[in-house]
Amino acid sequence: MRPVPIRIFDARKAISVPAVLRTMTIDDIAQWETRWKPLLDHSGEEDSHWDWGEKYVFGSSRNFERFAIEQNGRTEGLMICETVVHLSRKRKLPIVYVDYLAIAPWNRPSRPKPEFRMIGSQMILCATQLSHDLGYKWRVGLHSLPNAETFYLGIGMSDFGKDRGYRSLRYFEFDETTGRRFARE
Amino acid sequence: MTFGRTIKEKNGMSRQTFEFRPPSEEWYAAALEAEQNYTGEISAGIPITHPEEFVSGVPEFVRGSKGLSLFAIGFGIAALSGLILTKLIGTKDEEEEHSPARAYRLGRQDATAAGYPACAPVREKSSSNVVRGQE
């Protein structure tokens, strides 16, 4: 995928600033290692143990798509989607499954002064567009970390409850209708 | 496994051809409002309470949904079956080690190798030796 210009919201200056959504590269992993990880280590955040280096390697299979949002040379968000294995809960139809999604520690709403917003939302929008382009009709599924559940409810995903087969994380899904509504297509 | 890929190929989709379409002003404004009202996290994946999930060598797709559970159960059953079989075979061998039937077979083989006719009553030879030794 070629880099696509987008806008994200600078919460400190209250203005939109240019950014880029593109395929994840090894440079993003280097930034995670040097910039994200020191802030996440011992932070107690739910994803602080995630090893994006490992995920990057696993995500090199054909059935994965890896994305990053970059602003001014800095990686602001990362996402890995699986496009082959997972099926929707209701009708057992193929979906784009968001395997991992995280935004940079300094952008998190839980921090005192988060820098940028509109990263997670545009990542999910990217997943729904990918679903549409694959012929999956906007269907997207994911298991949410406990602290992020309200976000996915807020954007209109259906809550299928705790998944005992997946560490009891709550499973959320966009079907054809809700996914399309979110993407405003 | 192949269903999604088939659709992907049918649509001419590939990693190179997917292109994100930047959202409209309307979408951006609505999403921004929603995000500004939100104070939690935006993460999907596996929580920190389960770091053991990251076992090297487990394929990514196995982790998905119920994959890991099924994989673990399958692996457990296979390992247990192997253990039981090994135990059973081992026990059988051990039992046979001192069984009269095994002694008979071995004696018969020895006797055959030594030129005795296969139907020779080799146990007599063996037992007579024992008797002599004891004497």
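Each chain gets a letter, A, B and so on, in the order the sequences are listed, and its residues count up from 1.
Under the 4.5 Å side-chain heavy-atom criterion for Ile, Leu, Val, Met, Phe, Trp and Tyr, A:Val20 and A:Trp106 are members of distinct hydrophobic clusters. A:Trp138 and A:Val84 are assigned to two separate hydrophobic clusters, defined by single-linkage of ILVMFWY side chains at heavy-atom distances under 4.5 Å. When hydrophobic clusters are built by joining Ile, Leu, Val, Met, Phe, Trp and Tyr residues whose side-chain heavy atoms come closer than 4.5 Å, directly or via intermediates, A:Ile26 is not grouped with A:Val57. Linking ILVMFWY residues whenever their side-chain heavy atoms come closer than 4.5 Å, directly or via other members, places A:Ile6 and A:Val17 in the same cluster.
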| message | Under the criterion side-chain contact (heavy atoms from CB on, under 4.5 Å), I'd like the reasoning laid out for B:Leu32 against A:Arg7: C-alpha separation, chi angles, the key distance, then a yes or no. | response | CA-CA 11 Å; B:Leu32 178 60; A:Arg7 290 177 301 150; over 6 Å; no
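Comparing B:Pro23, B:Ser24, B:Ala30, B:Pro22 by heavy-atom pairs within less than 4.5 Å of chain A, the highest count is held by B:Pro23. Between chain B and the residues A:Phe182, A:Phe67, A:Tyr171, the largest count of heavy-atom pairs under 4.5 Å involves A:Phe182. Counting heavy-atom pairs under 4.5 Å between each of A:Gln129, A:Met123, A:Arg22 and chain B puts A:Gln129 at the top.
Annotation: side chain of A:Phe151 is in contact with side chain of B:Glu35 (closest heavy-atom distance under 4.5 Å). Residues A:Gln122 and B:Trp27 are in side-chain contact: their nearest non-hydrogen atoms beyond the backbone lie under 4.5 Å apart.
The part of A:Ile8 that comes within reach of chain B is its backbone (N, CA, C, O), which places non-hydrogen atoms under 4.5 angstrom from that chain. For A:Pro114, no part lies near chain B; criterion is any non-hydrogen pair under 4.5 Å. In this structure, chain B has a heavy atom under 4.5 Å from the side chain of A:Leu21, while its backbone stays farther away. If you measure heavy-atom distances from B:Ala34 to chain A, you find no contacts under 4.5 Å at all. Residue A:Phe172: no heavy atom, backbone or side chain, is found under 4.5 Å from chain B. Of the atoms belonging to A:Ala11, not a single heavy atom falls under 4.5 Å from chain B.
For the atom pair A:Ile69 CD1 and B:Phe20 CZ, the distance stands at 7.0 Å (nearest 0.5 Å). The CD atom of B:Glu19 sits 11.0 Å away from atom SG of A:Cys126, with the distance rounded to the nearest 0.5 Å.
Within 6.0 Å of CG on A:Asn72 lie no more than 12 heavy atoms contributed by other residues, nucleotides or ligands. Remark: A:Arg91 CZ is loosely packed, at most 12 non-hydrogen atoms of other residues, nucleotides or ligands lying under 6.0 Å away. Counting heavy-atom neighbours within 6.0 Å of A:Arg74 CZ, excluding the residue itself, gives a total above 12.
Among all heavy-atom pairs drawn from A:Ser16 and B:Tyr28, the shortest one is OG-OH, 2.9 Å.
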